[in-house]
Amino acid sequence: MIPVPPEIITGFAALLEQVEPLLFLARDRKLQEQAIVATKQFLERVEQMRLAAIGMQNEPEANELLGLSMTLKALASELGVYVLLKADQAEDAWDRLIDAQDQIAAAARASKAIPNLGKKFDHLRSLESALFPPQNFLSAGLIVRRHECSICGTDYQDCDHIVGKPYMGRFCAVILKEVSADHIAFVDAPADRRCRVISFGVPGGTRNKMTWIVTPTEGGGDSDN
Amino acid sequence: MKTTTSDFVDVPTRSAQLGCALPTGLTLLPNNFESAQPGEEFLFQGQTATVMKVLKAANITLAKFGSTARSEAFIHNKSHDWALPIIFIGYELMKQNPDLLGFVLSKIQDYALDLFKETVVGRHVKAEVVIETRRGRKYKKISYEGDPSGLKDFAKVVKAAARQ
């Protein structure tokens, strides 16, 4: 039995019927923008119910609503990818796609009931090569001296909460404190696919790796980056 | 699944140089175990506390090398979806409890699969185990890179390396 109020299940099904046909680049941009608004309105309702479930200490319902919330965010993010590409904002569109992937992965961690999240994640991954040129990813190496648990606020080493797991409608995350940078490296499979090469130097300027546009260097010299 | 085996520094000798007790049970080593200078803080993999908690929930206690001897910090490399701390297992422990490492890695695998759930395909994890191949003889580091679902089988690779 899904521990979520029936009207939410019905509302989600109705929203999907409206939104899913629009999850293609070729669909009308205005319709996609309207779908984003509708999704965010439903998301607001779900968020209010999640907070109410937290208040009632109903963990199964709170976690399931957390999963639904992340799914709705992913839908809005995916629609945002298509809208941004049409607005010639490819850099933002890429970030929105990675947001959608992260949101679906989070939904899978929180929800036991929402189906086909794996298929959706695979589809979102495939959009990287379908819609964008190949990327060069970077990884940051950070030295951290203290970790704070996002659930209880104590030192993460001292509590029993585990990163990534949902607790009463909220994910456990580690908040990094006392951080210093150690290195940057090129990698094939980064933890954060937003970290990538943005541009590179060409004679007379810099070329944006996503759009291929060359921005002239001030003074007309070659760029060093 | 990609595994590599390389020589590792003599653990007892290095422990003495670092002024720390020799690890006896299952121990997590700092990434700079081989290179740390006198007084330098130990750098552990960022997932160290998580791995310790996952195994604590399975009634397995892991020690952190030198945790009372020096200050420590944690490395968060965003180069993989998930990277484990270095696990050290001595020869005697391997001999007395040959299934222990397999159990440990299977619990870690369960957590990783639960973390990624249906989005696990294409995820990239890194694991390293340091073993004593024969009592007081040689130390080897066996590294794993690949899918989280390969971690349990990685234990077999480590056992085979320990028999050499």
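A note on names: the letters A, B, ... follow the listed sequences, proteins ahead of strands, and every chain is numbered from 1.
Contact annotation for A:Ala108: both backbone and side-chain heavy atoms come within less than 4.5 Å of a heavy atom of chain B. The part of B:Leu43 that comes within reach of chain A is its side chain, from C-beta onward, which places non-hydrogen atoms under 4.5 angstrom from that chain. Only the side chain of A:Lys165 comes within less than 4.5 Å of a heavy atom in chain B; its backbone stays farther off. A:Cys195 does not touch chain B: none of its heavy atoms, backbone or side chain, sits under 4.5 Å away. Using a 4.5 Å cut-off between heavy atoms, A:Asp182 makes no contact with chain B at all. Neither the backbone nor the side chain of A:Asp158 comes within less than 4.5 Å of any heavy atom of chain B. Only the side chain of A:Leu176 comes within contact range of chain B, judged by heavy atoms closer than 4.5 Å. Proximity to chain A is limited to the side chain of B:Glu41, based on heavy atoms less than 4.5 angstrom apart.
Geometric assessment of B:Lys64 against the ring of B:Phe44 yields a positive cation-pi assignment under the 6.0 Å and 45° thresholds. A cation-pi arrangement is absent between A:Arg145 and B:Phe74, since the terminal nitrogen or guanidinium carbon is not both under 6.0 Å from the aromatic centre and inside a 45° cone about the axis.
Between B:Phe65 and B:Phe88, a ring centre-to-centre spacing not shorter than 6.0 Å is recorded. Checked against a 6.0 Å centroid threshold, the rings of B:Phe8 and B:Tyr139 do not count as neighbours. Aromatic pair A:Trp212/A:Phe200: centroids less than 6.0 angstrom apart.
By the 4.5 Å heavy-atom criterion applied to side chains, A:Pro134 and A:Ser129 are not counted as neighbours.
Of the possible donor and acceptor atoms, none in the side chain of B:Glu128 sits under 3.5 Å from a partner among the backbone N and O of B:Ser143.
With chain B as partner, the option from A:Glu178, A:His161, A:Gln101 having the largest number of non-hydrogen pairs under 4.5 angstrom is A:His161.
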